[in-house]
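See below for the structure under consideration.
Source: prediction; values computed, not measured. Position 1 is the first residue of the sequence; numbering continues from there.
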Amino acid sequence: MKRRLKTALAMCLWAACAQAFSAPAAPQVFFDDFSYQDRPALWAGGWRPRTQAGHPGVEGAAWADDVFELVDDPDRPGNRLLRLEARSDGTGAGTRQAQICHARKYLEGTYAARVRFRDHPSQGQGGDPIIQTFYLVSPLRHDYAPDFSEIDWEYLPNGGWGSAATRLYGISWQTVRLDPWDAYNQAHQEMRSLDGWHVLMMQVGQGHTRLFIDGKPVDRHGGRNYPVVPMSINFSLWFAPDGLLPPAPPARVYEEDVDWVYHVRQQLQSPDQVLRAVKRLRRHGVARQDSVPEADPPLPSACDF
C-alpha cells in the first residue's frame, strides 16, 4: 500500500511539474532585418511610404516614396540596411521628408529597433532642425481625441522646438491639439549626442511604458499616457517647421539608417532577451517574420501622421 501511495504521489508531482514547465504558446513576433533588394520588395514586405502632405514638418514639404534606399552595410558583409533620406534647400517647396509605416495592429508587448542617428548631413551645411525617429502611433481623429495613442523616440541633433540643445526624446502620449499646440504626454530627455548606432526599446505592459537605450532603462511612463488602441510601427525623418537654414546651394541631405526592427506581442522581454531573439532569427536565416495577428476588426493604416 505504501509503495502504491509513493508511486501515485510521484506521478502526481511529475504531472504538476510537467504542467508547470510545459512549453508556452509560440510567441507572436514581428521581425524585419531589411534585407530587401529594392523598394518594390520593401513595399511587398508590408511597409508603406507616406506620400500625403501635412503634419508634421515644414509647410509645403513633400513626403515622397523615393526617399528610401536599401543599402549594403559597410560594417557587416552581407547585411542590408534601410536608409531614410530627407533634404531641403531652405524652402518648403524644396524640402522632401521620409516616413515609412507598418500595419496598425500593435499594442502591448516589447518593441526594439537598431538605428543609426547622424549629427551631420551627408551633403551641404549642417544646422537644420532635423528630427530622426522610431515610433508607434494611432490616428488623431480630432483635437484631444481620447483614444489617441503614441510612443516616440525622436532625436534632434541640431535642436529645434525652441531649444538649440542636442537631445533624444522618449515620449508617451495621451492626446494633443495640433493648432494651437497643446500636448498631454510624458517625456524623457537624453541631453547628449547620440551620433551612431543605438538599440531603442520600449516595453508596453502592466499599465506602464518602460524605455531603454542600449540596454539601459532610462524612464517609465504610465497613467493616462498608457496606450489604449492599436498603433502602427513607423520610422521617419523630417524637419521642424521653424529654424531651417536660409536657402543656399547645395541642398542639405540628412540620413537615418535602420538595421532591424523587432516586436513580440504581449510579452515583456529584457534587452538581453531581445538581442538573443534577433541573433537567433538571423542565425537561422530568418530575414522577416510576421506572426502578429491583425487587429479585430482590421484597421486601416493610412501612414499620414
Side-chain angles (χ1 to χ4, degrees), residues 34 50 56-58 61-64 67-76 79-92 94-100 111-135 151-171 187-202 211-219 234-261 271:
F34 298 103
R50 176 174 179 172
V58 173
W63 296 89
V67 290
F68 307 94
E69 291 185 79
L70 285 308
V71 300
D72 292 331
D73 183 350
D75 301 322
R76 186 169 176 255
N79 189 40
R80 302 275 282 171
L81 308 171
L82 171 65
R83 176 163 294 168
L84 288 71
E85 178 187 287
R87 62 173 56 228
S88 181
D89 64 2
T91 69
T95 298
R96 292 162 66 82
Q97 305 176 131
Q99 179 181 338
I100 190 171
Y111 300 83
R114 184 171 183 257
V115 302
R116 177 162 57 192
F117 295 136
R118 288 184 171 88
D119 284 357
H120 307 288
S122 57
Q123 173 185 296
Q125 178 185 358
D128 294 294
I130 186 76
I131 293 92
Q132 307 171 38
T133 80
F134 162 46
Y135 66 107
I151 303 171
D152 296 339
W153 288 108
E154 298 181 322
Y155 182 54
L156 288 73
N158 300 320
W161 304 334
S163 170
T166 296
R167 61 203 188 275
L168 172 69
Y169 279 106
I171 312 173
H188 170 78
Q189 295 188 68
E190 292 283 317
M191 306 299 293
R192 58 190 174 98
S193 169
L194 277 91
D195 187 79
W197 283 106
H198 300 279
V199 175
L200 307 177
M201 181 174 142
M202 308 90 102
L211 306 177
F212 300 77
I213 302 173
D214 297 326
K216 176 186 175 183
V218 295
D219 209 351
N234 303 258
F235 297 92
S236 67
L237 188 61
W238 52 280
F239 296 93
D242 298 318
L244 280 181
L245 296 178
R252 287 87 72 182
V253 178
Y254 293 84
E255 296 172 345
E256 175 185 353
D257 290 346
V258 186
D259 185 9
W260 52 260
V261 59

Do the non-hydrogen side-chain atoms of L168 and F117 ever get within less than 4.5 Å of each other?
yes
Any W260 side-chain heavy atom under 4.5 Å of V199 side chain
yes
Looking at residues at least two apart in the chain, or sitting in another chain, which of them share a ring pair (Phe, Tyr, Trp, His ring centres under 6.0 Å) with Y135?
none
Counting N and O atoms only, with roles assigned by atom type, does the side chain of R80 sit under 3.5 Å from a partner on the main chain of L70, one being a donor and the other an acceptor?
yes
Pairs of donor and acceptor atoms involving the side chains of residues 234-242, under 3.5 Å and at least two apart or interchain, shall be tabulated with distances.
residue, atom, partner, partner atom, Å
N234, ND2, S232, O, 3.0
N234, ND2, S232, OG, 2.9
S236, OG, T133, OG1, 2.6

Quick check for you: to the nearest 0.5 Å, what is the distance between E154 atom CD and Q132 atom CD?
11.0 Å
Rounded distance (nearest 0.5 Å) linking atom CG of N158 with atom OH of Y254:
5.0 Å
Taking all non-hydrogen atoms of both residues into account, name the closest pair between W63 and P56 and its distance.
CZ2-O, 3.1 Å
Closest non-hydrogen atom pair between S122 and E255, with its separation
OG-OE2, 3.5 Å
Could you report the tightest heavy-atom contact between G160 and P129, atom names first, then the distance?
CA-CB, 4.2 Å
Do V258 and I100 touch side chain to side chain, with heavy atoms closer than 4.5 Å?
no
Ionic contact status for D259 with R116, cut-off 4.0 Å
no
At what distance, to the nearest 0.5 angstrom, does NZ of K216 lie from CD of E190?
6.5 Å
Mind checking the CD-CG spacing from E256 to L81? Nearest 0.5 Å is all I need.
11.5 Å
Say you draw a straight line from CZ of R50 to CD of Q97; how long is it, rounded to the nearest 0.5 Å?
8.0 Å
Answer yes or no: is there a side-chain heavy-atom contact under 4.5 Å between W153 and L211?
yes
Quick one: pull up CZ in R192 and CD1 in I213 and give me the separation to the nearest 0.5 Å.
5.5 Å
Pairing of D195 and R118 as salt bridge, 4.0 angstrom limit
no
Do you know which two heavy atoms are closest between G90 and P247, and how far apart they sit?
O-CG, 3.9 Å
Side-chain donor/acceptor of E85 to backbone N/O of V253, under 3.5 Å:
no
Does L244 reach the side chain of S88, with side-chain heavy atoms less than 4.5 Å apart?
yes
If you look at every heavy atom in R167 and G159, which pair is closest and at what distance?
NH1-CA, 3.7 Å
Taking the side chain as C-beta and beyond, is there a heavy-atom pair between F212 and V218 under 4.5 Å?
no
Donor-acceptor check, side chain of D128 to backbone of I130, threshold 3.5 angstrom: yes or no?
no
To check you understand the geometry: which heavy-atom pair defines the closest contact between P250 and G124, and what is its length?
CG-CA, 4.1 Å
List the steps and the verdict of side chain to side chain contact (heavy atoms under 4.5 Å, CB included) for Y155 and T166.
CA-CA 8 Å; Y155 182 54; T166 296; 3.6 Å; yes
Side chain to side chain contact (heavy atoms under 4.5 Å, CB included) between V261 and L82, intermediate numbers included
CA-CA 11 Å; V261 59; L82 171 65; over 6 Å; no
More than 12 heavy atoms of other groups within 6.0 Å of Q125 CD
no
Does the gap between the ring centers of W161 and Y169 come in under 6.0 Å?
yes
